[in-house]
Amino acid sequence: MENIHFLLMKSNALLSKKILKQANKIGLSPGQPKILKYLSTHGEAEQKAIAAYCEIEQTTVGNILWRMEDIGLIIRKKKPGNRRSVYVSLTETGKEYASKLSLIFASAEKAALTDFSKEEIEMLLNLLNKLYNSMKKEAIE
């Protein structure tokens with residue numbers, strides 16, 4: 001049996017390929033699906049919050065957002081009294097893409113979890129959350 005790192009890496013790569021292949025068909029490039037998902041779930045957000053949640057560098061998020069704004073998926077604006085922060089939200093087109101993306105995510109997850117029982121899926125979610133929280137805490141220390 002492979003070690004945890006290698007299995008997580010391979011599983012992530014296969015799932016990402018499946019999602020990005022479908023996302024590309026609707027005109028999305030790598031990085032955009034994560035951000036669309038975040039904004040559709042959390043609503044308007046600061047660029048730094050998006051970067052932190054998606055585990056992407058702020059400068060990289062800035063480049064992805066620039067392309068997303070250019071094709072009309074998001075709008076960026078500053079709020080009165082806060083000149084430093086840029087707030088990002090989905091346009092109506094962005095919401096339509098996020099809806100399509102939700103179907104892509106659901107399809108990819110369904111395919112990946114075909115051989116799992118509901119109990120195993122619940123256990124996997126709990127274990128992955130525990131793993132993520134442990135790694136996040138380690139990264140902070």
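Scope of the values below: all heavy atoms of this structure, side chains included, with no hydrogens, waters or symmetry mates. In what follows, residues are counted from 1 in the order of the sequence shown.
The two residues Leu124 and Phe116 come nearest to each other via the heavy atoms CD2-CE2, 4.1 Å. Taking every heavy atom of both residues into account, Ala51 and Gln58 meet most closely at CB-CG, 3.7 Å. When every heavy atom of Ile50 is checked against every heavy atom of Ala45, the shortest pair comes out as CG1-CB, 4.1 Å. The minimum heavy-atom distance between Arg67 and Pro30, with the atom names listed, is NH2-O, 4.3 Å.
Note that the CG atom of Leu15 and the CD atom of Glu109 stand 7.0 Å from one another [nearest 0.5 Å]. A distance of 9.0 Å separates OG1 of Thr91 from CD1 of Ile71, quoted to the nearest 0.5 Å. Separation of atoms NZ (Lys25) and CD1 (Ile104) is listed at 9.0 Å; rounding is to 0.5 Å. Once rounded to the nearest 0.5 Å, the distance linking CD1 of Ile74 with OG1 of Thr93 reads 12.0 Å. Taking CG from Leu36 and CG from Leu28, the interatomic distance works out to 5.5 Å, rounded to the nearest 0.5 Å. Rounding to the nearest 0.5 Å places NZ of Lys130 at 12.0 Å from CG of Leu128.
Residue-environment remark: OH (Tyr53) stays at or below the threshold of 12 foreign heavy atoms within 6.0 Å. Counting non-hydrogen atoms of other residues, nucleotides and ligands closer than 6.0 Å to CD of Glu2 gives a total above 12. Crowding of Met9 atom CE: a count of heavy atoms from other residues, nucleotides or ligands under 6.0 Å exceeding 12. For Leu127, the CG atom is densely surrounded, since the number of other residues' heavy atoms within 6.0 Å is greater than 12. The 12-atom threshold is exceeded at NZ of Lys100, counting heavy atoms of other residues, nucleotides or ligands nearer than 6.0 Å.
Side-chain atoms of Glu122 do not come within 3.5 Å of backbone N or O of Glu119 as any donor-acceptor pair. Remark: side-chain polar atoms of Thr114 are paired, donor with acceptor, to backbone N or O of Ala111 under 3.5 angstrom. Remark: the backbone N or O of Trp66 is not paired with any side-chain donor or acceptor of Asp70 at under 3.5 angstrom. Side chain of Asn133 to main chain of Asn129: a donor-acceptor pair is present (N/O by atom type, distance under 3.5 Å, no hydrogens or angles). At least one donor-acceptor pair closer than 3.5 Å links the side chain of Gln32 to the backbone N or O of Ser29.
Hydrophobic clustering (side-chain heavy atoms under 4.5 Å, transitive across Ile, Leu, Val, Met, Phe, Trp, Tyr) groups Ile56 together with Tyr38. Taking hydrophobic clusters as Ile, Leu, Val, Met, Phe, Trp and Tyr residues chained together by side-chain heavy-atom distances below 4.5 Å, Leu113 shares a cluster with Leu125. Hydrophobic clustering keeps Val86 apart from Ile64 (ILVMFWY residues linked when any side-chain heavy atoms are closer than 4.5 Å, directly or through intermediates).
In terms of the salt bridge (charged side-chain N to carboxylate O under 4.0 Å, His left out) criterion, Glu46 has no residue partners (sequence neighbours excluded). The salt bridge (charged side-chain N to carboxylate O under 4.0 Å, His left out) check on Glu92 picks up Lys95, with sequence neighbours excluded.
Taking 4.5 Å as the limit, every side-chain heavy atom of Ile75 sits out of range of all side-chain heavy atoms of Val88. Side-chain contact between Lys34 and Glu55 is absent, with no heavy-atom pair separated by less than 4.5 Å. Between Met135 and Leu131 the shortest side-chain heavy-atom distance falls below 4.5 Å. Inter-residue side-chain proximity for Ile19 and Lys21 is flagged as unmet; no heavy-atom pair is nearer than 4.5 Å. Taking 4.5 Å as the limit, some side-chain heavy atom of Lys37 sits within range of a side-chain heavy atom of Phe105.
Screening Leu90, Val61, Leu73 for a side-chain contact (heavy atoms from CB on, under 4.5 Å) with Ile35, the sole residue that qualifies is Val61.
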